[in-house]
Undergrad: 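Structure incoming, see below.
All heavy atoms count here, side chains included; hydrogens, waters and symmetry mates do not. First the proteins, then the strands, lettered A, B, ... as listed; each starts at 1.
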Amino acid sequence: MLTTAEIKTLRKLLLAWFRQFQRDLPWRRTKDPYAVWISEIMLQQTRVAAVIPYYERFLSRFPNGRALAEAPQEEVLRLWSGLGYYSRARNLQKAAQQILAQHGGQFPQAKDDVMALAGIGPYTGAAILSIAFGAKHAALDGNVARVLARLGAVRGDLRESLRWQLLQRSAVELLDPKSPGDWNQAMMELGAMVCTPRTPQCLLCPVAKFCRARQSGEPEAFPEKRKKRDAVQIVLAAAVFSTPRGQTLLMPPPGNKKVNKPAADDIDTLVSRLWHFPTISVRNDVSAELRDYLLDSLPAGNGKLHLEPLPRIRHAVTYRNITVLPFRIPAAKIPRIPGARSIPLRDFSALPVSNLTRKIARAALLQSTEPAAKLALKP
DNA sequence: AATCCGGGGAC
DNA sequence: GTCCCAGGATT
């Protein structure tokens with residue numbers, strides 16, 4: 001436990017450090033609640049470097065809540081394509097529509113109203129309210145939890161309910177009531193830049209003298225590592241149709257089916273419910289199973305299918321290790337399948353796709369015998 | 001309380 | 001290869 005005087009000193013030291021050394025990030029140049037909101041959603045479980053280009057593009061395409069609320073969902077997903085956790089984008093637009101309908105397009109300032117928005121939980125609500133409105137809410141995320149666990153030498157799994165509540169109380173106690181937004185960002189910045197998971201830079205830490213983990217001699221021993229579930233191996237086969245003009249075929253986002261518990265190799269889930277190559281989960285004879293699947297889905301009389309194996313692709317999502325075996329299928333024209341689209345293999349920017357689909361397209365391009373394709377790839 | 005959802009940079 | 005990231009929704 002820290003004394004009141006120690007807490008005041010700690011606040012002063014950390015805030016001074018933050019104000020001197022903070023990174024210049026795009027969302028720190030504004031207090032517009034809409035912009036702060038977009039940044040906080042994008043930053044969920046996603047690193048700063050990955051977010052920056054998406055943030056810039058998204059705000060330039062959707063400058064305000066109304067533009068976001070009134071856009072086609074596919075356009076929102078298209079701007080999110082590649083960032084992952086696509087329910088964030090779907091919830092983001094839903095919340096924009098809530099704000100338009102219930103708050104006249106103005107981002108709400110009451111905590112209950114903010115927490116009622118789709119995709120906004122305890123962390124994000126506190127972050128937006130403190131940063132955009134200066135409200136006194138402590139934001140507890142993974143970075144802050146680690147910093148607090150080290151400051152107090154907290155043992156055990158931080159995500160455990162009671163322990164998270166303990167950390168939440170610590171966060172509230174330390175919160176600087178004079179500048180809650182800067183304080184929350186300072187705690188996160190410290191966690192991201194100094195008090196890092198593996199090798200904390202205690203020599204650079206402005207509050208090291210208050211840190212019990214440092215006093216213990218092994219700060220990196222906090223917090224306790226959490227155990228992960230065993231990985232499942234999955235093998236998929238994907239069809240990459242290819243016309244002389246460089247067009248290929250993508251299947252539309254799968255509709256929402258009422259499956260309680262999808263299998264680990266459920267294709268709809270693995271393609272993130274976005275546009276995707278014709279894909280199946282395979283067991284034994286890969287090309288034969290893919291051929292059978294295609295002959296079933298294609299209109300009759302499409303002739304013979306020539307399947308050329310492409311280099312295999314590795315992709316990891318949560319607990320799944322996916323191997324994709326792509327096949328290039330030369331075709332004079334793209335077969336007509338209801339809902340499917342013909343698009344250039346070289347440019348998927350018109351449709352929302354996951355990075356798994358991008359990887360398959362890239363493998364097909366690299367393998368292409370067309371010289372121009374290789375030249376166009378490398379900048 | 002557990003599980004799931006993407007993806008990749010840092011180590 | 002492993003870890004985990006400015007978490008939230010769902011069950």
Undergrad: Using OP1 and OP2 only, check whether a side-chain N or O of A:Arg320 sits under 4.0 Å from B:dC5.
TA: yes
Undergrad: With respect to the side chain of A:Arg198, which nucleotide from C:dA6, C:dG8, C:dT2 is positioned closest?
TA: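 Of C:dA6, C:dG8, C:dT2, C:dT2 is nearest to the side chain of A:Arg198.
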Undergrad: Determine the contact category for A:Thr269: base if any of its heavy atoms lies under 4.0 Å from a base atom, sugar-phosphate if only primed atoms, P, OP1 or OP2 are that close, otherwise nothing.
TA: sugar-phosphate
Undergrad: When the C1' atoms of B:dG6 and C:dC3 are considered, how many whole Å apart are they?
TA: 15 Å
Undergrad: Taking C:dC4 as the reference, what is the distance to B:dC5 when you measure between their C1' atoms (whole Å, please)?
TA: 15 Å
Undergrad: Using atom C1' in both nucleotides, what's the gap between C:dG8 and B:dG9 to the nearest angstrom?
TA: 23 Å
Undergrad: Nearest-Å distance, CG (A:Asn143) to P (B:dG9)?
TA: 18 Å
Undergrad: Take the protein atom CG of A:Leu117 and the nucleotide atom P of C:dG7, then report the distance between them rounded to whole Å.
TA: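 In whole Å, C:dG7 P lies 18 Å from A:Leu117 CG.
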Undergrad: A:Asn355 side chain: which of C:dG7, B:dG7, B:dG6 is closest?
TA: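 Of the candidates, B:dG7 comes closest.
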Undergrad: Pick base, sugar-phosphate or nothing for A:Ser272, based on heavy-atom distances below 4.0 Å to the nucleic acid.
TA: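 Sugar-phosphate contact only - A:Ser272 comes under 4.0 Å of backbone atoms but never of a base.
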Undergrad: Within the 4.0 Å heavy-atom criterion, would you say A:Ser354 contacts the bases, only the backbone, or no part of the nucleic acid?
TA: sugar-phosphate
Undergrad: Rounded to whole angstroms, how far apart are CZ on A:Arg47 and P on B:dG6?
TA: 18 Å
Undergrad: What's the closest nucleotide to the side chain of A:Leu25 if the choices are C:dT2, B:dC4, C:dA6?
TA: C:dA6
Undergrad: What is the distance from CZ of A:Arg88 to C1' of C:dG8, rounded to the nearest Å?
TA: 11 Å
